[in-house]
Amino acid sequence: MAVGFKVTGVEQGEWAVLRVSGELDLITSPVLRQRVHDVVAEGHHSLILDLSDVFFCDSSGVGVLVAARRLIRSCQGRLRLILPDRGADDGSHVNRVLGALGVRRLFDVRPDVESATADEAGPLSA
């Protein structure tokens, strides 16, 4: 596993929060995929992926994010991504990658965990 990659989980109200740090790539993305599956298997269908400390994301990392969205949708759940409070042009690497691939619009992106847990929204739709 890449040095410095870490996924830690906490519960915040009805939300399960997975904080990811390091590089999200071919080597590390299976770890995140498994953690998402574990959280859903434990019965959590409201999931926040805090990607604030991810400094690199390749296509396999994007694939895990899209797969997490699909899994949460199948449970009528909610998925939110935490990315730094900047736009895709000057924001985090993950923000730029998602924007460049045209998939950022698929995700409910928030600037921090507090804003992600503050308001209510329905389950993910198409």
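Numbering starts at 1 and runs along the sequence shown.
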Between CZ on residue R80 and CD1 on residue I72, distance to nearest 0.5 Å: 12.0 Å
Verdict with reasoning, R19 to D53, per side chain to side chain contact (heavy atoms under 4.5 Å, CB included): CA-CA 8 Å; R19 290 188 172 100; D53 294 326; over 6 Å; no
Side chain to side chain contact (heavy atoms under 4.5 Å, CB included) assessment of V40 paired with H45: CA-CA 6 Å; V40 172; H45 298 151; 4.0 Å; yes
Any donor-acceptor N/O pair, D58 side chain to L26 backbone, under 3.5 Å: yes
Short side-chain to backbone donor-acceptor contact, T28 and E23, under 3.5 Å: yes
Any pair counted as salt bridge (Lys or Arg N to Asp or Glu O under 4.0 Å), so long as it reaches residues 35-47, sequence neighbours left out: none
Any residue meeting side chain to side chain donor-acceptor pair (under 3.5 Å) with D112, in chain and number order, not counting sequence neighbours: S115
is_close_aromatic(F55, H93), centroid dist under 6.0 Å: no
Pair L98-L65, side chain to side chain contact (heavy atoms under 4.5 Å, CB included): steps then yes or no: CA-CA 10 Å; L98 294 177; L65 299 178; 4.2 Å; yes
Rounded distance [0.5 Å steps], CG in D25 versus CZ in F5: 8.0 Å
For the student: nearest non-hydrogen atoms of L24 and S29, plus distance: CD1-CA, 3.8 Å
Pairwise distance CD1(I48) to CH2(W15) - rounded to 0.5 angstrom: 5.0 Å
Interatomic spacing from CG in D108 to CZ in R69 - rounded to 0.5 Å: 10.5 Å
Test applied, side-chain contact (heavy atoms from CB on, under 4.5 Å); reference residue, L49; option that passes from I82, V36, V94: V36
Distance-only polar pair, side chains of S46 and R78, donor-acceptor under 3.5 Å: yes
